[in-house]
Each structure stands twice: as C-alpha cells, then as structure tokens.
Amino acid sequence: MFIYTKRRKKTCFHKRRSIKMSNITNHSTLGRSICIITGASKGFGRALAHKVSCWLEPGSVLLLVARSETLLQELKEELQSFTEEQQLVVHCVAVDLSKREGVNETIRVARQEAVNEIEHLLLINNAASLGDISHFGSFTNLEEVNSYLSLNISSALALTAGILQVFSCTPLMRRSVVNISSALALQPLPSWVLYCTAKAARMMMFRVLAKEQPLVKVLIYSPGPMDTDMQKDILRLTGVKHHLLPAQESADKLVKLLLDDDFVSGANLDFFDV
Amino acid sequence: MSSPARTDLGRALCIITGASRGFGRTIAREMSRLVKPGSALILTARSVDDLRTLQAELAESDAGRAGQVVQCVVADLSEMEGLQRIVTASRDAFCEDMDHVMLVNNAASLGDVSRYAKTFSDMAEVDSYLSLNVSSSLCLTARVLQAFPQRPGQQRTVVNISSLCALQPFRSWVLYCTSKAAREMMFRVLAAEEPDLRVLSYSPGPLDTAMQTAARSRTADPEIRKSFSDMFAQGQLLTCEASCAKLMKLLLEDAYTTGAHIDIYDL
C-alpha cells in the first residue's frame with residue numbers, strides 16, 4: 001500500500017520543550033493524568049498501557065478497559081511494581097464497549113476519579129474489531145452490520161462524548177483524545193468493507209470533534225501492522241502476511257507524539273510518517 | 001475516443017430509496033423519463049401517502065401511459081423486513097429483457113445538528129442513526145447485488161447520494177459527516193471489489209429541500225448556520241431538478257471512474 005514507503009529515523013526521542021506561553025503544561029511528561037485506554041487487554045492497547053504508564057506523574061489514574069477481567073488483572077499485575085513505585089492508581093474496567101452499559105460504566109469509573117487534581121485527560125480509543133472479511137455482497141444481515149458499527153463507531157463517539165462531559169472545561173486541564181486508526185481509513189481494500197467503513201467513519205468523527213473543541217487535542221494515529229492477535233486473524237482469514245512491527249515500537253511513537261504535543265488537532269499521523 | 005452519449009438509461013429496473021420527497025422524488029421523476037419502455041421503478045420510503053401521490057403522477061406521465069411499471073414499497077430501511085420487501089418487489093418487477101439494474105441509495109437523515117459531538121453519549125441514538133444512514137445502504141446494496149448478479153449484456157449501476165460532508169468536517173454535524181464519510185468508503189470498497197459494477201458517489205450540492213430547511217434552522221454552529229441562511233437568502237440553493245439533471249448526465253455519459261466522488265460543482 002502506498003503509505004508504507006517512507007521511513008525516517010529520529011535520533012532524539014525525548015526532546016525537552018520550553019514552556020509555551022499558551023499553556024503551562026510541562027511536556028516532558030504526560031502530567032498528572034487520568035488516562036483511559038480501551039482494548040487494553042491485548043495487542044496495541046496493552047503495549048500502550050506499558051508505555052504510557054512510564055510518563056504519568058504520581059497521582060495519575062490509569063483506566064484499563066476491555067472485556068476480559070482476567071487479562072486486565074494480569075496486565076495490572078505486570079504493571080504493579082512500577083505503578084506502586086510511581087504512585088499510579090490502576091483500575092481494571094471489564095466491560096463490553098459494544099453495549100451502552102459498558103460505555104456508561106467506563107464513564108462512571110472515570111467520573112469517580114475526577115475528584116483528584118488531574119492536569120491531563122488522556123483518552124485513547126483503541127478498542128476495535130476486524131469484522132468479517134468477506135465480499136461486499138455477503139453483508140445482507142442488518143444486525144451483523146449494526147453490531148459491527150456499534151462497537152467500532154458508536155461506542156467510540158459515546159465514550160468520548162461521555163468522558164469529555166465529565167471533564168468539561170477547566171482552563172488548566174490538558175485534554176487529549178486519540179483515535180487509533182488505520183491506513184484503511186483512507187484506502188479501500190476489497191473484502192474489507194466493514195473495517196474500512198468504520199475507520200473512515202471514525203476519522204471523520206474525530207475530525208469534526210477537533211473542529212468543534214479547540215481546547216481538546218485530537219490525534220488520529222495509524223499504528224502500522226503490528227505483531228498482535230488482530231494480525232494473526234488477518235493472516236488466517238486472508239493469507240496475507242505483512243512485515244509486522246513490535247506493538248511496543250508503535251506505542252513508543254504514539255507516546256512521543258503526545259509528549260511533543262506539536263501535532264495539529266485533528267491531524268492524521270501514521271507510524272511510518274513520523 | 002468516447003462513444004456517443006446515450007439518450008436513455010436502457011430497459012431498466014431502477015430502485016430509488018427516499019423517493020417520496022426532496023431529491024429522491026426528483027430522481028424518480030427523471031429516471032421515469034430516461035428509461036426505455038418496459039422499465040420498472042421501485043420507489044421506497046416510509047411515507048405511503050407521498051409515495052402514492054408520486055406513483056399516481058408518474059402513471060399519468062407519457063412513460064406511465066406507455067406502461068412503465070412503478071411499484072411503491074413502504075419500508076423502514078432500518079428493518080431487515082423492509083429491505084427484504086424492497087428486494088422481493090424488485091425481483092417481481094424484473095424482466096429478462098431488462099439490460100440495466102440501478103440502485104440509487106438516496107435515503108438519509110440529517111441527525112440532530114443542534115448539538116455538538118460531545119453531547120452524543122447515548123449509544124442507542126448513534127446506533128439508530130448509523131443503522132439508517134450506513135448499515136441500510138450496505139445491506140440493501142448487498143441484497144440487490146445478490147438478487148441481480150452480473151449477466152452478460154446487462155449493466156449494473158449503484159449510486160450513493162453523498163455530500164461535501166463526506167470529505168470535510170463541519171461543526172455540529174458529527175452524525176451526518178460520519179455517515180457520509182462511512183458511505184463514501186463503503187462504495188469505494190465496492191468499486192474496488194467489482195470492476196464490472198458502475199459505482200458513483202454523487203454530491204448534489206445544497207438543495208432547496210426540507211433537509212436544507214432543517215439545516216439552516218437548527219444547526220448549532222453559528223458560522224455554519226449563517227452560511228446556510230445566507231445561501232438561502234441569496235438564492236444560491238439549487239433546485240433538485242438542476243442537480244438531478246447533472247446526475248442523469250453523468251449516468252447517461254457513463255464515463256465516470258467507478259467509485260469516484262463527483263460533486264455538482266466539479267462539473
């Protein structure tokens with residue numbers, strides 16, 4: 001695909017930035033944050049949980065959201081010695097985001113943490129599914145399509161809206177919303193109508209949000225093909241094998257973008273572009 | 001190198017959603033004039049009265065008097081049963097000597113433009129909107145393609161009535177922009193999968209319809225609301241007829257790249 005052609009090496013990964021006149025957030029860390037990661041139990045979400053937690057200040061709260069209580073608890077334990085030392089609070093939110101109860105529960109847990117003196121709201125909309133990879137004509141079942149769009153579009157909008165409502169305008173708070181996207185948000189691929197449609201929809205959705213909310217930094221990030229279960233499914237279903245990135249490497253890039261914080265809100269950035 | 005433009009759309013089966021009002025109704029009228037004798041139109045919408053009025057009007061036209069079949073299917077596109085009835089009516093109206101099957105995915109809703117994205121925390125509202133505006137066009141198109149597989153000597157055309165909102169974000173229009181962007185990609189995938197299928201995403205421009213009235217009276221964003229009001233006040237809204245004429249010309253010439261997004265202002 002056309003965008004997997006450019007690779008640029010960056011030598012300096014942890015630039016320190018001078019404090020900007022327009023906001024007083026220190027970009028050398030993510031600040032004392034409430035960080036919500038959906039689809040945190042596996043793959044990219046899990047890698048993000050590891051990477052992001054390195055950059056959270058003491059007093060930060062990490063909400064790990066996914067369906068599997070077991071996997072979330074394992075992740076929490078993996079992070080434990082670090083999070084204890086760094087005084088980070090970790091909540092496992094085992095919910096199904098394809099259901100309104102799941103979205104509402106996530107918002108509820110976030111709200112109960114809003115009492116702390118939080119400087120930064122960081123919401124990473126990562127949870128997604130592949131959907132059936134099949135020719136267009138096979139999608140005759142409205143319930144199947146509705147269910148797919150519900151998880152992959154509606155829940156990201158409803159969760160983002162609910163979380164932003166909880167953390168409404170306080171002038172000192174930095175608010176970042178990330179949409180984990182894909183090259184397929186821009187490039188149609190035969191047999192991938194569900195996935196492409198949802199990613200294109202989300203991209204537009206977060207672009208509208210960026211235009212509406214000048215105080216929220218919206219980042220649309222395409223992580224590249226990574227060594228995750230989703231890629232295993234892709235290989236199994238399509239027989240197409242990509243050269244896969246380690247999820248941690250892509251997670252590193254995303255964290256760097258958030259630390260540097262010099263992306264234009266609503267921008268679409270791909271792992272291979274930055 | 002192009003062959004002379006056709007003056008008709010063949011002996012066609014043409015399915016049009018949202019046919020009772022606005023742009024869909026105009027498409028129905030224009031199609032009726034441009035298809036050859038022996039054609040059938042399947043008009044679908046929720047409003048039985050408006051459909052029947054249109055059906056009666058078309059029956060009185062030259063084409064109607066010449067025996068053109070116009071079937072109305074009162075259906076809610078967000079119900080499987082509704083989609084099924086549209087396909088059944090289409091199958092019933094189809095004749096072996098038809099050489100063109102067309103589906104015009106026109107039905108859509110604006111969504112609540114009086115609110116910003118951050119207010120859409122009710123998943124059911126978003127689900128319901130996407131069901132009508134995205135899912136139904138995918139499923140209806142899939143069912144129509146299944147019901148009418150490619151045959152030699154027969155053309156199949158799928159039209160997606162799109163919008164500038166498929167390409168550009170507009171404040172307070174999150175649902176509409178999201179669904180149009182979704183459909184845009186959906187039909188690009190279709191075009192990439194089926195090279196024998198003619199797929200067109202047509203953006204009709206700002207039309208003088210009930211949807212436009214709602215847009216200019218309810219849009220939350222003051223700047224965007226003003227731009228709609230100004231267009232109306234300055235007579236810059238397009239008639240459905242003017243825009244539909246451009247769409248029909250595109251279909252007659254049949255020279256567009258399949259999967260393309262064509263805006264009336266590109267022409």
Side-chain angles (χ1 to χ4, degrees), chain A residues 97-104 107 135-150 153-155 157-165 168 184-213 216 266, chain B residues 77-80 82-83 87 116-131 134-136 138-146 149 165-194 197 220-221 259:
Chain A
L97 288 172
S98 69
K99 307 243 173 336
R100 71 190 305 173
E101 299 77 30
V103 171
N104 291 343
I107 296 167
H135 71 101
F136 195 103
S138 67
F139 294 101
T140 54
N141 187 316
L142 207 48
E143 273 164 30
E144 177 193 358
V145 178
N146 280 341
S147 170
Y148 183 82
L149 299 185
S150 187
I153 305 174
S154 308
S155 88
L157 177 54
L159 179 64
T160 301
I163 294 293
L164 287 177
Q165 283 171 34
S168 302
L184 295 183
L186 299 172
Q187 187 75 9
L189 189 58
S191 300
W192 286 65
V193 66
L194 290 185
Y195 191 83
C196 288
T197 296
K199 291 308 193 210
R202 286 166 68 117
M203 175 171 287
M204 175 56 80
M205 195 163 93
F206 285 99
R207 288 173 70 197
V208 172
L209 182 70
K211 279 206 120 170
E212 290 179 356
Q213 300 275 328
V216 178
Chain B
L77 293 174
S78 33
E79 284 168 19
M80 288 232 268
L83 301 185
V87 175
Y116 291 100
K118 100 173 211 198
T119 66
F120 287 97
S121 49
D122 179 0
M123 230 164 115
E125 180 184 7
V126 184
D127 283 346
S128 168
Y129 183 84
L130 295 179
S131 181
V134 183
S135 310
S136 77
L138 171 51
C139 294
L140 180 61
T141 304
R143 282 169 182 245
V144 168
L145 294 177
Q146 266 201 3
C165 294
L167 307 178
Q168 279 182 30
F170 288 90
R171 289 186 299 273
S172 60
W173 281 49
V174 69
L175 293 184
Y176 191 80
C177 288
T178 298
S179 74
K180 290 311 193 205
R183 287 164 66 119
E184 179 76 17
M185 174 56 82
M186 179 195 299
F187 289 102
R188 286 175 70 198
V189 172
L190 178 59
E193 274 187 39
E194 301 261 357
L197 189 59
D221 186 83

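Note: hydrogens, waters and symmetry copies are ignored here, and every other heavy atom, side chains too, is used. Convention: sequence-line order gives letters A, B, ...; per-chain numbering from 1.
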Choice from B/M80, B/K180, B/R183, B/E125 maximising heavy atom contacts with chain A below 4.5 Å | B/M80
Contact winner vs chain A - B/A182, B/S172, B/S179, heavy-atom pairs under 4.5 Å | B/A182
What part of B/E194 gets closer than 4.5 Å to chain A, counting heavy atoms only: side chain, backbone, both or neither?
-> neither
Determine whether more than 12 heavy atoms belonging to other residues, nucleotides or ligands lie under 6.0 Å from atom CD of B/Q146.
-> yes
Go through the atoms of B/Y116 and report whether side chain, backbone, both or neither lie under 4.5 Å from a heavy atom of chain A.
-> both
Okay, B/Q168 and chain A: the region with an atom under 4.5 Å from a heavy atom over there is backbone
For B/W173, all residues meeting ring-ring contact (aromatic ring centres under 6.0 Å, His included), sequence neighbours excluded = B/Y176, B/F228
Partner chain A: residue of B/C139, B/P149, B/A124 with the largest heavy-atom pair count (under 4.5 Å) = B/C139
Residue part contacting chain A, namely of B/L83, when any heavy atom lies under 4.5 Å | side chain
At a heavy-atom separation under 4.5 Å, does B/L77 approach chain A through its side chain, its backbone, both, or neither?
-> backbone
Which atoms of B/A166 come close to chain A, meaning under 4.5 Å heavy atom to heavy atom: side chain ones, backbone ones, both, or neither?
-> backbone
May I have all residue pairs that pass salt bridge (Lys or Arg N to Asp or Glu O under 4.0 Å) and include part of residues 167-179 of chain B, sequence neighbours excluded?
-> B/R171-B/D221, B/R171-B/E223
Supply the atom-to-atom distance A/L164 CG to B/K118 NZ, rounded to the nearest 0.5 angstrom.
-> 6.5 Å
Option in A/I107, A/I163, A/T160, A/T197 with maximal non-hydrogen atom pairs under 4.5 Å from chain B | A/T197
Against chain A, work out which of B/V87, B/L167, B/V134 has the most heavy-atom pairs shorter than 4.5 Å and name it.
-> B/L167
Of B/V126, B/T119, B/D127, B/D122, the largest count of non-hydrogen pairs under 4.5 angstrom with chain A goes to B/D127
When rounded to the nearest 0.5 angstrom, what is the spacing between OG in B/S128 and CG in B/L175?
-> 10.0 Å
